[in-house]
Chemist: 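Here it is, the structure, as structure tokens.
Every heavy atom of this structure was used, including side-chain atoms; hydrogens, water molecules and symmetry mates were not.
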Amino acid sequence: MEEKKSGKPHSISWSERAEGCVTGVTDVLSFDDNTVVLQTEQGILTVKGKGLRIGRLELSTGEVKMRGSVDGIIYSGGNPAKKGNLIKRMFQ
């Protein structure tokens, strides 16, 4: 069966480890100066660093722009669209 793509396209772009843009964001789960946790179309994305700031948040388009010193980017969890009942997924 062919998997259906839904939602917004997901991408990450960073410049000089100092600022970046994430698309395909469905929710901001938490943020502070050292950690930003985003729910994306591809799972949970955690950005770690120092002095992190969300410069622009457009959940209607799924875009988040950030600034600060980025030390790491980590995905966890799977694609939320793949979760659910096995029978339901088989017949989508």
Chemist: Between D33 and K50, is there a side-chain heavy-atom distance shorter than 4.5 Å?
Modeler: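 Heavy-atom side-chain distance check fails, nothing below 4.5 Å.
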Chemist: Roughly how far, to the nearest 0.5 Å, is the CG atom of L59 from the CD atom of Q39?
Modeler: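 Taking CD in Q39 and CG in L59, the distance rounds to 11.5 Å.
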Chemist: Using the rule given for side-chain contact (heavy atoms from CB on, under 4.5 Å), can you reason through L45 versus I74, listing the C-alpha separation, both sets of side-chain angles and the distance that settles it, and then say yes or no?
Modeler: CA-CA 6 Å; L45 177 71; I74 304 162; over 6 Å; no
Chemist: Quick one, V37 and F31 - any side-chain contact, counting heavy atoms below 4.5 Å?
Modeler: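 Answer no - side chains too far apart.
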Chemist: Do the side chains of T26 and T40 get nearer than 4.5 Å, heavy atoms only?
Modeler: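 No; the side chains remain at least 4.5 Å from each other.
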Chemist: Within the 4.5 Å heavy-atom criterion, are Y75 and Q42 side-chain neighbours or not?
Modeler: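 Touching, per the 4.5 Å side-chain cut-off.
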Chemist: Given side chains that start at C-beta, do those of I12 and I73 come closer than 4.5 Å, heavy atoms only?
Modeler: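 Side-chain contact under 4.5 Å: yes.
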Chemist: Testing D71, D32, V70 for side chain to side chain contact (heavy atoms under 4.5 Å, CB included) with L52, which one passes?
Modeler: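 It is V70, the one option of D71, D32, V70 that forms the side chain to side chain contact (heavy atoms under 4.5 Å, CB included) with L52.
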Chemist: Please test E63 against R56 for salt bridge (charged side-chain N to carboxylate O under 4.0 Å, His left out), starting from the C-alpha separation and ending with a verdict.
Modeler: CA-CA 8 Å; E63 184 177 278; R56 183 171 151 201; 3.4 Å; yes
Chemist: Test V36 against M66 for side-chain contact (heavy atoms from CB on, under 4.5 Å), laying out the working first.
Modeler: CA-CA 9 Å; V36 177; M66 291 182 268; 3.8 Å; yes
Chemist: According to a 4.5 Å side-chain heavy-atom criterion applied to Ile, Leu, Val, Met, Phe, Trp and Tyr, with indirect links allowed, do I44 and V22 form part of one hydrophobic cluster?
Modeler: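 Looking at the clustering, V22 is in a separate group from I44.
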Chemist: Taking the side chain as every heavy atom from C-beta outward, state whether V64 and I54 have any atom pair closer than 4.5 Å.
Modeler: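 They are in contact (side-chain heavy atoms under 4.5 Å apart), so the answer is yes.
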Chemist: First locate atom CD of E41, then atom OG of S11, and finally report the distance between them rounded to the nearest 0.5 Å.
Modeler: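 Interatomic distance, E41 CD to S11 OG, rounded to 0.5 Å: 11.5 Å.
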